[in-house]
There are 2 protein chains.
Amino acid sequence: MEFKKIIEEKSKQAWEIYLPNLSIDCVVFGFHDALVKVLVVKMKENNLWALPGGYILKTENIKEAASRILHQRTGVTNIYLQQFRVFSDLNRSEGFFEAFENTIWNKQRFLSVGFYALVDFSTVKLVVDNFSDACEWKAIDELPELMMDHQYIFDKALGTLRKELNYKPIGFNLLPEKFTMPELQKLYEIILGKKLNRGNFFRKMLRYDILIKLDESRKGGAHKAPDLYKFDVEKYQLALKDGLNEGW
Amino acid sequence: MEFKKIIEEKSKQAWEIYLPNLSIDCVVFGFHDALVKVLVVKMKENNLWALPGGYILKTENIKEAASRILHQRTGVTNIYLQQFRVFSDLNRSEGFFEAFENTIWNKQRFLSVGFYALVDFSTVKLVVDNFSDACEWKAIDELPELMMDHQYIFDKALGTLRKELNYKPIGFNLLPEKFTMPELQKLYEIILGKKLNRGNFFRKMLRYDILIKLDESRKGGAHKAPDLYKFDVEKYQLALKDGLNEGW
DNA sequence: TTATTTTTTTTGATATTTGCATAAAAAGAG
DNA sequence: CTCTTTTTATGCAAATATCAAAAAAAATAA
């Protein structure tokens, strides 16, 4: 069996080049067609869907690892990446690589560092690698059944994003350069999983003072052409750093 | 040298019983004398101060590991624990255990999972172990110089706590059962690093509806005896779970 | 015992932010 | 040109936050 050979060969090298017992799983968010989507990969090994992930080279830190893994998958560099949690349950990788010897590297107990990534959907060129049959975007409310604890990892990523929305802006990494206010609102609504009031969204967003209104509108669609905006990159970055709502 | 022997002996066993390349560092917060304090340990190896930490048994998940490590240090069980970040820079453990062979287990490259813990100061009985000379509480604005990246880990822990204060209550794990409103406010002020308005703090705290006012006041001190409160445990737990401020 | 001092607790006045509703503006369709 | 639909802007009441200060309570000093 060709595939099994590849795994066994790679496994031998793995002991030398990767950190043992530690992997990375990424929840990659994109926005397209008024939907928030997530990247999932169909594994050759067991025909199950998984979050894209990989191992950590002995020569890199975890963010570099996540960055490398996602670059290989998407062709995108400079992805917005945020680690959010370690998944370490004893039985989380149980039953994986069942057809292989217990001594195989991939079959050891693995802890995963969860990252979430925000990418501009339109710049991504998906890549299917040696271990996978397919790599696709799926709407977050229509995810296929995921292997191991990957559904749980996804839930935690979305939960983190929802919390962070209260003090961080979002959109710069998900939307094209020019976008409309209703598009931005839609993005917020899907991530939060609830409708927001239009007028208040406008006022609040403008009060944040991170948007620049352009002298164009998006013509062509039916009905009134919405105004186009772009982010004020400097103010956006500052808001990311300092936080948007004072809180206490 | 006695100490070196111990380390070398332990190191041999370590390969068998611990997960390699991964450790845990804990930022343990306590509240005493109107000050927020943190637990630090003086290492025998190099006479530097460090955050309490340890390694992960192959038979436990990371929260169990953190719990075990802190129980050994403080005698406290059921500590409030929250992982907040992985520290993985390549050179973070550089220069540690210099006197030992490179092959020694402790000298491998280590990633650390950072946990923060909240404990009731009065219930803690500090324990000095084989690797340390001292174990002390230090006020967070008077920390000694810490080894490796431990100051950075502390900063991230405090930053996390500050953010979480915007949607989580705090105090149940830090204060004694009965406490006064000014004490609670002091706790918030120290963590946030700024003064809060008295009247507003009162109103906001009471609106959260997680406090029960007792029919007692704290007599004995000079001046007006402040009212005593305790937390409504059920409502507090609910607030922890669901979050305090709606945000969006 | 009474006045003084100090700290806690409560209250007011004002500004800001929300929630909900609705009006005005703009573009394509017919 | 009118109709329909969607975007954008506004109005107003309710809820919150800010700032300031008054009232209440206890200990101490006189």
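Please read all numbers here as calculations on a predicted model, not as lab measurements. Below, chains carry the letters A, B, ... as their sequence lines are ordered, and counting in each starts from 1.
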Enumerate all atom pairs, one protein N or O and one N or O from nucleotides 22-30 of chain C, separated by less than 3.5 Å.
| from | atom 1 | to | atom 2 | distance (Å) |
| --- | --- | --- | --- | --- |
| C:dA27 | OP1 | A:Lys219 | NZ | 3.1 |

Over how many whole Å does the gap from A:Tyr208 atom OH to C:dT18 atom C1' extend? 12 Å
At under 4.0 Å between heavy atoms, which parts of nucleotides 12-17 of chain C does protein reach? Answer with one letter per nucleotide, 5' to 3': B base, S sugar-phosphate only, - none. B----S
If the condition is side-chain hydrogen bond (donor to acceptor under 3.5 Å, both in side chains), which residues does A:Lys125 pass it with, not counting sequence neighbours? none
B:Lys186 atom NZ is separated from C:dT7 atom C1', nearest whole Å, by 14 Å
Roughly how far, to the nearest 0.5 Å, is the CG atom of B:Leu70 from the CG atom of B:Leu39? 8.0 Å
Starting at atom CZ of A:Phe202, determine the distance to atom P of D:dT10, rounded to an integer number of angstrom. 12 Å
A:Ser132: what forms a side-chain hydrogen bond (donor to acceptor under 3.5 Å, both in side chains) with it, not counting sequence neighbours? A:Arg73, A:Asp129
Report the residues that fulfil salt bridge (Lys or Arg N to Asp or Glu O under 4.0 Å) with A:Lys230, sequence neighbours left out, ordered by chain and then residue number. none
Residue met sooner reading DNA chain C from 5', once A:Gly199 and B:Leu206 are mapped to nucleotides: B:Leu206
As a check of understanding: the bend across the helix from C:dT1-D:dA30 to C:dG30-D:dC1, end axes from five pairs, rounded to 10 degrees, works out to 10°
Quick note, side chain to side chain donor-acceptor pair (under 3.5 Å) partners involving residues 174-185 of chain A, not counting sequence neighbours, are A:Lys178-A:Glu216, A:Glu183-A:Arg218, A:Gln185-A:Glu189
Extract all donor-acceptor atom pairs below 3.5 Å that involve side chains of residues 112-121 of chain B and protein atoms in other chains or at least two apart in sequence.
| from | atom 1 | to | atom 2 | distance (Å) |
| --- | --- | --- | --- | --- |
| B:Ser112 | OG | B:Ser23 | OG | 2.7 |
| B:Ser112 | OG | B:Asp25 | OD2 | 2.8 |
| B:Ser112 | OG | B:Arg92 | NH1 | 3.4 |
| B:Ser112 | OG | B:Arg92 | NH2 | 3.1 |
| B:Tyr116 | OH | B:Glu164 | OE1 | 2.3 |
| B:Asp120 | OD1 | B:Ser122 | N | 3.1 |
| B:Asp120 | OD1 | B:Ser122 | OG | 2.9 |
| B:Asp120 | OD2 | B:Ser122 | OG | 3.4 |

Value in whole Å for how far the P atom of D:dT7 lies from CE of A:Met205: 17 Å
Got a sec, which residues hit side-chain hydrogen bond (donor to acceptor under 3.5 Å, both in side chains) with B:Thr77, two or more places apart in sequence or on another chain? none
Tell me which pairs pass ring-ring contact (aromatic ring centres under 6.0 Å, His included) where either residue lies in residues 212-232 of chain A, with sequence neighbours left out. A:Phe179-A:Phe231, A:Phe231-A:Tyr236
Give the rounded distance in Å between these two atoms: CG of B:Asp215 and C1' of D:dA25. 16 Å
So, does A:Lys195 get its side chain near the phosphate of C:dG19, meaning an N or O under 4.0 Å from OP1 or OP2? no
Give a yes/no on whether any side-chain N or O of A:Arg198 is located under 4.0 angstrom from OP1 or OP2 of D:dT7. yes
Would you please name every residue forming a side-chain hydrogen bond (donor to acceptor under 3.5 Å, both in side chains) with A:Arg198, sequence neighbours left out? none
Side-chain polar contacts of residues 135-145 of chain A - donor-acceptor pairs under 3.5 angstrom, sequence neighbours left out - could you list them?
| from | atom 1 | to | atom 2 | distance (Å) |
| --- | --- | --- | --- | --- |
| A:Glu136 | OE1 | A:Lys138 | NZ | 3.2 |

Rounding to an integer number of Å, can you tell me how far A:Asn197 CG sits from D:dA14 P? 17 Å
Dump the intermediate steps for side-chain contact (heavy atoms from CB on, under 4.5 Å) on A:Leu111 and A:Asp89, then the final yes or no. CA-CA 8 Å; A:Leu111 283 66; A:Asp89 276 359; over 6 Å; no
Provide, to the nearest angstrom, the distance between the CZ atom belonging to B:Arg218 and the C1' atom belonging to D:dA26. 15 Å
Atom CG of A:Leu184 and atom C1' of D:dT8: how far apart are they, to the nearest Å? 15 Å
